[in-house]
Amino acid sequence: MPNRPLTVAVVGATGVVGRTMIQVLFEREFPVGELRLLASGRSAGRTVSVDGRTHEIAEAVPDAFDGVDIALFSAGGDVSQELAPHAAARGATVIDNSSAWRMDPTVPLVVSQVNPDDLEWHEGIVANPNCSTMQLVPVLMAIRDSVGIERVIVDTYQSVSGTGADAIAELEGQIRAHASGQPKEATVYPHPIAFNALPEIDVFLDNGYTKEEWKVVTESRKILHLPELRLSCTAVRIPVFVSHSEAVHVETREPLTPERARDLFGRVPGVVVEDDPASHTYPLASRAAGRDEVFVGRVRRDPSIPDDRGLAFWVVSDNLRKGAATNAVELAEALIARDWIRARSRRETVTSGVGGGSA
Ligand SMILES: NC(=O)c1ccc[n+]([C@@H]2O[C@H](COP(=O)([O-])OP(=O)(O)OC[C@H]3O[C@@H](n4cnc5c(N)ncnc54)[C@H](OP(=O)(O)O)[C@@H]3O)[C@@H](O)[C@H]2O)c1
């Protein structure tokens, strides 16, 4: 931990992810000296209450990042695109939750237990993956490192909190409307989400996939350092408030039994195996909500692939915590522990200045 408390900015502090970030910073006793809570001009002067403490919100503008060491962004892609470079230019290290920088080759995209070494080369911005990718890659890493991966099929069952505060309110409103026999108003999603399943998350791309599905493909490849990984995804929104679930089918290079897979999964930091069909024990969205781990269960052979090279399983995690806030704070902790809070270029300047006295 650093020898001084840090100035930490949370951008999007009134949102569901921003509020969870503040909560996680407190829970993990992150060394916060000053906490700067930023949101749009609409919220400036308002207060948010987290864990019994009240904090005032200021508007996110470039000057708000003067003196900031770490800026946790979760205010959408446009805000990150515009303000993250200003924050980085002022010496802050940005950990960004939006998709704005994830596939930029100069920006590391990092899951704390999968590729923390990639933090080394950041130049002021680090990207936090999409929540559906986040919970998938620690488990795929265990397969990559043991028997190798040929192909992955992922179908997601994603909660409404993944869309944000408005979507939570929309599901609540539709449940109430249904109970009182009123029509279900849909404004956030194109159809009612209550008592439904929507195979449309984010916009449709020319290739027929949604942007959410394609994020799982491209982000997994980058994080796992498998640029040719064969992966296909169907992403579905379901009427659950918190936690995403995923049905995953993997074709492995070498044989992998379910018993060995459970053992390998259980060894990944932050992954918990819950797998006892006899007692109806398997990962559940309701139980994962509020937890930081990735839960995996229903591990079984996929008989459609020969030679014990097919594996099927179910992965569940809290999209607001590990899927967003907890990983972001874990990355900040890793940067501190490795003394990489400064951008690589600034670090090198400091090192050469101290060590060799060069300009
Ligand atoms: N929800 C998830 O599971 C999840 C997971 C991973 C990543 N993310 C990403 O995290 C981001 C936020 O998601 P969320 O679920 O927390 O959304 P949300 O509940 O809708 O909150 C949005 C936040 O962004 C702020 N904001 C909007 N426009 C702004 C502007 N022009 N300048 C400054 N702040 C502005 C809002 O402030 P006001 O209150 O002032 O409008 C609010 O604090 C998105 O990029 C999302 O893709 C979300």
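Read the numbers this way: they start at 1 and go in the same order the structure lists the ligands and their atoms.
- With hydrogens and angles left out, the side-chain atoms of Glu330 and Ser112 include a donor and acceptor closer than 3.5 Å.
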Go ahead and list the nitrogen or oxygen contacts between ligand 1 and the protein that come in under 3.5 Å, distances to 0.1 Å, or just say none.
unit_1, atom_1, unit_2, atom_2, d
ligand 1, 1 (N), Ser161, O, 2.8
ligand 1, 1 (N), Gly162, O, 3.4
ligand 1, 3 (O), Asn319, ND2, 3.0
ligand 1, 16 (O), Val16, N, 3.2
ligand 1, 16 (O), Val17, N, 2.9
ligand 1, 19 (O), Val16, N, 3.1
ligand 1, 19 (O), Ala165, N, 3.0
ligand 1, 34 (N), Ser40, N, 3.2
ligand 1, 37 (O), Thr14, OG1, 3.1
ligand 1, 39 (O), Thr14, OG1, 2.5
ligand 1, 39 (O), Ser43, OG, 3.2
ligand 1, 40 (O), Ser40, N, 3.1
ligand 1, 40 (O), Ser40, OG, 2.5
ligand 1, 40 (O), Ser43, OG, 2.5
ligand 1, 41 (O), Arg42, NH2, 2.8
ligand 1, 43 (O), Gly12, O, 3.1
ligand 1, 43 (O), Thr14, N, 3.3
ligand 1, 43 (O), Thr14, OG1, 2.6
ligand 1, 43 (O), Gly15, N, 3.0
ligand 1, 45 (O), Gly76, N, 3.1

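- With sequence neighbours excluded, the residues forming a side-chain hydrogen bond (donor to acceptor under 3.5 Å, both in side chains) with Asn97 are Asn128, listed by chain and number.
- No more than 12 heavy atoms of other residues, nucleotides or ligands shown are found within 6.0 angstrom of OH on Tyr282.
- Relative ring orientation between Phe65 and Phe73 is described as parallel, the plane-to-plane angle staying below 30° on a 0-90° scale split at 30° and 60°.
- The side-chain contact (heavy atoms from CB on, under 4.5 Å) check on Ala197 picks up Val236, Ile238, with sequence neighbours excluded.
- Remark: Ser132 engages Asn130, Gln158, Glu212 in a side-chain hydrogen bond (donor to acceptor under 3.5 Å, both in side chains) (not counting sequence neighbours).
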